[in-house]
Asks: 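Got a structure for you, questions after.
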Amino acid sequence: MNPRRFSVLLSLMIVVATAPRLAAAPTAPGAYRNWRGEIDQVVVNHSFRADDYQDIQVDPLDITNVTVPERKGESRPATIAVLPSLKSAFMDGLQKDLRRRKPASGSAGKVLLIRVHLTKADPGTRFPQLGDFKANSAKLAVSGEVIDPAANLILVEFKQERWSGVVSIGKTSAQLLQDAARLIGTDVAHLISEF
């Protein structure tokens with residue numbers, strides 16, 4: 001076989017084999033990295049229609065397994081004390097960017113539950129050194145689930161990490177972590193709004 005013809009045939013086979021994965025809807029069951037360019041990791045276990053749910057509820061943030069590094073100028077206990085208050089910032093981002101749903105007629109009483117586990121809360125460094133581009137910033141990492149509690153199904157799982165306030169001045173670590181929680185809330189709103 002002509003090497004050039006073999007190369008073209010091989011390229012065509014690769015394109016045909018990957019085409020279904022490239023064309024797959026981001027709401028189809030499967031695992032996705034860099035979902036829609038917004039969320040680090042998404043696993044869709046079951047497709048669903050957000051409009052089939054009348055209400056969306058958010059559990060208190062789970063902080064039992066969060067990692068909080070010690071930073072210059074920020075004490076670990078002070079950062080841990082702030083973590084339970086991040087739910088309100090998360091809710092701000094979620095509610096602000098959630099697509100307005102038109103609940104279906106049979107959706108009365110159906111609830112979608114969001115459960116978020118904080119995995120890392122980095123308060124950042126308040127005393128930057130030369131060349132430290134992440135100074136005066138904070139990072140928040142989470143994993144979470146979108147759940148149908150009535151059916152006892154985990155519909156979607158996600159992992160996301162956000163920096164906030166990169167090279168910003170004048171905000172405390174608590175405010176920067178709240179900003180990161182708000183950004184993650186916005187990301188989860190975009191995720192649910194796709195369904």
Asks: Suppose we screen for side-chain contact (heavy atoms from CB on, under 4.5 Å). Which residues come up paired with Ser193, at least two apart in sequence or across chains?
Replies: Leu98, Arg99

Asks: Tell me every residue that passes salt bridge (Lys or Arg N to Asp or Glu O under 4.0 Å) with Glu157, counting only those two or more places apart in sequence or in another chain.
Replies: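 Checked Glu157 against salt bridge (Lys or Arg N to Asp or Glu O under 4.0 Å); zero matches.
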
Asks: Would you list the pairs meeting salt bridge (charged side-chain N to carboxylate O under 4.0 Å, His left out) in which at least one residue belongs to residues 176-185, sequence neighbours left out?
Replies: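 Every pair satisfying salt bridge (charged side-chain N to carboxylate O under 4.0 Å, His left out) with a residue in residues 176-185: Asp92-Arg182, Lys171-Asp179, Asp179-Arg182.
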
Asks: Verify side chain to side chain contact (heavy atoms under 4.5 Å, CB included) between Lys87 and Val58, making sure each step is shown before the conclusion.
Replies: CA-CA 8 Å; Lys87 180 183 175 182; Val58 179; 4.0 Å; yes

Asks: Given side chains that start at C-beta, do those of Phe195 and Asp51 come closer than 4.5 Å, heavy atoms only?
Replies: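 No, too far: nothing below the 4.5 Å cut-off.
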
Asks: Please report the shortest heavy-atom distance between Leu177 and Ala138, naming the atom on each side.
Replies: CD2-CB, 3.9 Å

Asks: Could I get the full list of side-chain contact (heavy atoms from CB on, under 4.5 Å) partners for Ile63, not counting sequence neighbours?
Replies: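 Applying side-chain contact (heavy atoms from CB on, under 4.5 Å) to Ile63 gives Val66, Leu83, Pro84, Leu118.
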
Asks: Is it the case that atom CG in Asn34 sees more than 12 heavy atoms from other parts of the structure closer than 6.0 Å?
Replies: yes

Asks: What residues form a side-chain contact (heavy atoms from CB on, under 4.5 Å) with Ala151, not counting sequence neighbours?
Replies: Asp148, Leu153

Asks: Side chains of Gln178 and Ser88: closer than 4.5 Å at any heavy-atom pair?
Replies: no

Asks: Run the salt bridge (Lys or Arg N to Asp or Glu O under 4.0 Å) test against Glu161 and tell me which residues pass, sequence neighbours left out.
Replies: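 Per chain and number, Glu161 pairs via salt bridge (Lys or Arg N to Asp or Glu O under 4.0 Å) with Lys139.
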
Asks: Residues two or more places apart in sequence or in another chain: which of them pass salt bridge (Lys or Arg N to Asp or Glu O under 4.0 Å) with Lys159?
Replies: none

Asks: Does a side-chain heavy-atom distance below 4.5 Å link Tyr32 with Ile39?
Replies: no

Asks: Is there a donor-acceptor contact under 3.5 Å from the side chain of Trp35 to the main chain of Pro26?
Replies: yes

Asks: How would you list, by chain and number, every residue that makes a side-chain contact (heavy atoms from CB on, under 4.5 Å) with His190, sequence neighbours excluded?
Replies: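 His190 satisfies side-chain contact (heavy atoms from CB on, under 4.5 Å) with Glu38, Asp97, Thr186 only.
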
Asks: For Thr119 and Ala141, indicate whether the former's side chain and the latter's backbone hold a donor-acceptor pair under 3.5 Å.
Replies: yes

Asks: Examine Val116 and Met91 and state if one hydrophobic cluster contains both, with Ile, Leu, Val, Met, Phe, Trp and Tyr joined whenever side-chain heavy atoms are less than 4.5 Å apart.
Replies: yes

Asks: Kindly state each residue pair satisfying salt bridge (charged side-chain N to carboxylate O under 4.0 Å, His left out) with at least one member in residues 56-67, sequence neighbours excluded.
Replies: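 Salt bridge (charged side-chain N to carboxylate O under 4.0 Å, His left out) check on residues 56-67 returns Asp59-Arg115.
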
Asks: Could you list the residues that satisfy side chain to side chain donor-acceptor pair (under 3.5 Å) with Gln160, not counting sequence neighbours?
Replies: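 By the side chain to side chain donor-acceptor pair (under 3.5 Å) rule, Gln160 matches Asp187.
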
Asks: So, Ser164 side chain and Leu176 main chain: donor-acceptor pair closer than 3.5 Å or not?
Replies: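 Pair found, side chain donor or acceptor close to backbone of Leu176.
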
Asks: I need the minimum non-hydrogen distance between Val82 and Ser85, along with the two atoms involved.
Replies: O-OG, 2.6 Å

Asks: How would you list, by chain and number, every residue that makes a side chain to side chain donor-acceptor pair (under 3.5 Å) with Arg36, sequence neighbours excluded?
Replies: Glu194

Asks: If you apply the rule side chain to side chain contact (heavy atoms under 4.5 Å, CB included), what do you find for Leu94 with Ile114, and how did you get there?
Replies: CA-CA 11 Å; Leu94 180 73; Ile114 300 172; 3.9 Å; yes

Asks: Do Leu112 and Asp55 come within less than 4.5 Å of each other through their side chains, counting heavy atoms only?
Replies: no

Asks: What is the ring orientation for Phe48 with Tyr53, classed by angle as parallel under 30°, tilted 30 to 60°, or perpendicular over 60°?
Replies: perpendicular

Asks: Share the residues that join Leu113 in a hydrophobic cluster, the rule being Ile, Leu, Val, Met, Phe, Trp or Tyr side chains under 4.5 Å apart at the heavy-atom level.
Replies: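 In the cluster with Leu113 are Ile147, Ile154.
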
Asks: Do the side chains of Phe90 and Val188 get nearer than 4.5 Å, heavy atoms only?
Replies: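 A side-chain contact under 4.5 Å exists here.
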
Asks: Is there a side chain to side chain contact (heavy atoms under 4.5 Å, CB included) between Ile184 and Arg162? Walk through the geometry before answering.
Replies: CA-CA 7 Å; Ile184 291 173; Arg162 282 292 205 150; 3.6 Å; yes

Asks: Atom CZ of Arg49 and atom OG1 of Thr27: how far apart are they, to the nearest 0.5 Å?
Replies: 12.0 Å

Asks: Quick one: do Val43 and Leu191 end up in the same hydrophobic cluster if we chain Ile, Leu, Val, Met, Phe, Trp and Tyr together by side-chain heavy atoms under 4.5 Å apart?
Replies: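 No; tracing contacts between hydrophobic side chains, which count when under 4.5 Å, never links both residues.
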
Asks: Ala89 and Ala181: which non-hydrogen atoms are nearest, and at how many Å?
Replies: CB-CB, 4.0 Å

Asks: Working note: Ile192 + Ile56, criterion side chain to side chain contact (heavy atoms under 4.5 Å, CB included); need CA distance, chi angles, decisive distance, verdict.
Replies: CA-CA 10 Å; Ile192 292 172; Ile56 295 176; 4.2 Å; yes

Asks: Tell me whether Leu183 shares a hydrophobic cluster with Val42, the cluster being built from Ile, Leu, Val, Met, Phe, Trp, Tyr side chains joined at under 4.5 Å.
Replies: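 In one cluster with Leu183: Val42, no.
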
Asks: Give the minimum heavy-atom separation between Ala189 and Gly93, together with the two atoms involved.
Replies: CB-O, 4.2 Å

